[in-house]
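Quick notes on the structure that follows.
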Amino acid sequence: MINIGKTNSLKVVKIQGPNIYLGLPGSPMVLLADKKPSTTYQVGDSVSAFVYIDGEGHLAATLQNPLAEAGDIAWLKVVSVNYYGAFLDWGIPKDLLVPFSEQIAEMKPGRSYLVKLYEDVKGRIVATTKLERFLSDEGPEFKTGQQVSLLIADPTELGVKAVVDHTHWGILYQNEIFRPLRKGQKLTGYIKKVRDDDKLDLTLNEPGYGKIEPLADRILAELDKHGGVLKLGDKSPPEAIYAAFGASKKAFKQAIGALYKKQLIVIEDHSIRRV
């Protein structure tokens with residue numbers, strides 16, 4: 001079965017002049033819409049291609065990698081607006097429609113928006129800015145420490161909202177954010193806690209001691225590189241620590257504490273030294 005709005009593993013089933021047709025047993029043929037494929041194909045070759053519906057309502061395929069697929073939440077730019085709605089660049093020949101009925105506010109050319117890609121009743125892949133009906137605030141199926149994909153959304157009084165694995169909302173708390181974040185940014189994060197109300201608290205730092213040992217090794221390497229002294233210590237600001245190691249102050253203190261217990265360093269207020 002060919003999945004529309006997804007990357008499919010297909011076979012070359014027919015070559016007619018410059019046209020290459022892809023398909024699967026029992027499925028309709030799909031025209032490869034790319035004008036000049038970089039590879040010369042033969043009937044029977046396997047091809048990984050993204051399948052969509054072209055402007056005439058026919059199945060088409062492209063070897064280009066889309067910026068998002070059906071089911072994803074994505075940060076996409078409006079390239080044009082007409083009487084059907086707004087059209088987004090999603091990395092393939094045919095732009096992605098956001099009907100007016102699926103816009104919270106009128107979308108403007110040149111601006112980017114968080115949208116959900118889905119298949120409508122006509123079988124087309126379209127997008128919507130009305131995310132709430134697709135995203136849940138409660139995620140009891142997640143586990144503390146679980147690695148997840150994050151898509152940064154809007155700031156709140158507590159921190160920054162993020163889309164978790166394209167399916168849920170979570171929050172990164174302001175006091176644990178040590179680098180600039182922008183709306184639409186993709187990051188790897190972790191479930192810090194599943195709260196009693198099943199809402200998700202997030203972190204950008206890998207939980208547990210597993211992150212401490214590699215950080216400790218990096219600190220030792222930096223000490224060796226700088227003559228045994230590093231101008232970061234117990235009372236250094238979190239921003240300086242993050243700029244140097246991409247880690248929170250808590251993780252940094254755990255790492256230097258582990259090195260201190262091994263009698264490898266001396267810790268001072270604003271520096272550490274190799275023993």
Side-chain angles (χ1 to χ4, degrees), residues 73 75 112 114 137 139-140 142-166 168-275:
I73 307 287
W75 178 248
S112 296
L114 278 181
D137 284 322
F142 289 92
K143 304 297 181 185
T144 299
Q146 180 178 340
Q147 181 176 307
V148 292
S149 68
L150 300 180
L151 184 62
I152 301 302
D154 295 306
T156 71
E157 292 182 357
L158 298 176
V160 177
K161 289 181 72 175
V163 178
V164 182
D165 283 352
H166 301 280
H168 289 73
W169 286 116
I171 188 165
L172 291 159
Y173 288 96
Q174 193 60 52
N175 63 351
E176 295 186 0
I177 300 174
F178 304 109
R179 55 169 148 163
L181 298 177
R182 57 175 176 77
K183 190 171 182 178
Q185 186 176 1
K186 294 180 180 180
L187 297 167
T188 296
Y190 302 88
I191 303 298
K192 180 180 179 182
K193 181 182 179 182
V194 181
R195 289 156 41 184
D196 291 341
D197 58 4
D198 290 331
K199 294 185 178 180
L200 302 177
D201 290 347
L202 307 172
T203 178
L204 298 178
N205 298 307
E206 183 179 356
Y209 188 79
K211 67 181 178 184
I212 300 303
E213 190 170 356
L215 177 57
D217 290 341
R218 288 172 56 207
I219 292 170
L220 288 178
E222 287 297 307
L223 282 165
D224 293 340
K225 189 188 299 183
H226 293 89
V229 179
L230 199 59
K231 295 298 184 180
L232 290 172
D234 204 42
K235 295 186 179 180
S236 296
E239 295 79 8
I241 292 168
Y242 192 90
F245 293 105
S248 67
K249 183 170 182 177
K250 179 180 178 181
F252 177 76
K253 291 179 70 172
Q254 289 175 328
I256 63 175
L259 293 174
Y260 177 80
K261 288 179 181 178
K262 294 179 180 179
Q263 299 183 342
L264 295 175
I265 64 169
V266 172
I267 301 174
E268 299 172 348
D269 285 351
H270 297 285
S271 66
I272 55 177
R273 292 187 289 110
R274 262 288 211 173
V275 174

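Remember, predicted model here, so these are calculated numbers, not experimental data.
When all heavy atoms are compared, the tightest approach of I73 to H166 is N-ND1, 2.9 Å. In this structure, A251 and L215 approach most closely via the heavy-atom pair O-CD2, 3.6 Å. Across all their heavy atoms, D234 and K253 have their closest contact at OD1-CE, 3.1 Å. Taking all atoms of both residues into account, the shortest heavy-atom contact from S236 to I241 is O-CD1, 3.9 Å. Across all their heavy atoms, A244 and R218 have their closest contact at O-NH2, 4.2 Å.
Interatomic distance, H226 NE2 to L232 CG, rounded to the nearest 0.5 Å: 10.0 Å. Summarising the geometry, atom CG belonging to L172 is positioned 6.5 Å from atom CG belonging to L181; distances are rounded to the nearest 0.5 Å. The line from NZ of K199 to NE2 of H168 is 12.5 Å long, rounded to the nearest 0.5 Å. To the nearest 0.5 Å, atoms CG (L259) and CG (L220) are separated by 4.5 Å.
Between W75 and I152, the closest side-chain pair of non-hydrogen atoms is not below 4.5 Å. At a threshold of 4.5 Å between non-hydrogen side-chain atoms, the residues K235 and H270 count as touching. Between W169 and V164, every side-chain heavy-atom pair lies at or beyond the 4.5 Å cut-off. A heavy-atom distance below 4.5 Å is found between the side chains of I191 and Q146. Using a 4.5 Å heavy-atom cutoff, the side chains of L150 and L204 are in contact.
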side-chain contact (heavy atoms from CB on, under 4.5 Å) between K192 and Y173: does it pass, once the steps are laid out? CA-CA 10 Å; K192 180 180 179 182; Y173 288 96; 5.5 Å; no

Apply side-chain contact (heavy atoms from CB on, under 4.5 Å) to the pair I171 and L202, showing each step before the final yes or no. CA-CA 6 Å; I171 188 165; L202 307 172; 5.8 Å; no

Given I267 and I272, is the side-chain contact (heavy atoms from CB on, under 4.5 Å) satisfied, shown in steps? CA-CA 5 Å; I267 301 174; I272 55 177; 4.3 Å; yes

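Here the side chain of D198 pairs no donor or acceptor atom with the backbone of G139 at under 3.5 angstrom.
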Run the side-chain donor-acceptor check on residues 183-190: report pairs under 3.5 Å with partners two or more places apart or on a different chain.
unit_1 : atom_1 : unit_2 : atom_2 : d
K183   : NZ     : D154   : OD1    : 2.8
Q185   : OE1    : R182   : N      : 3.1

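Every side-chain hydrogen bond (donor to acceptor under 3.5 Å, both in side chains) that D224 has, sequence neighbours left out, goes to R274.
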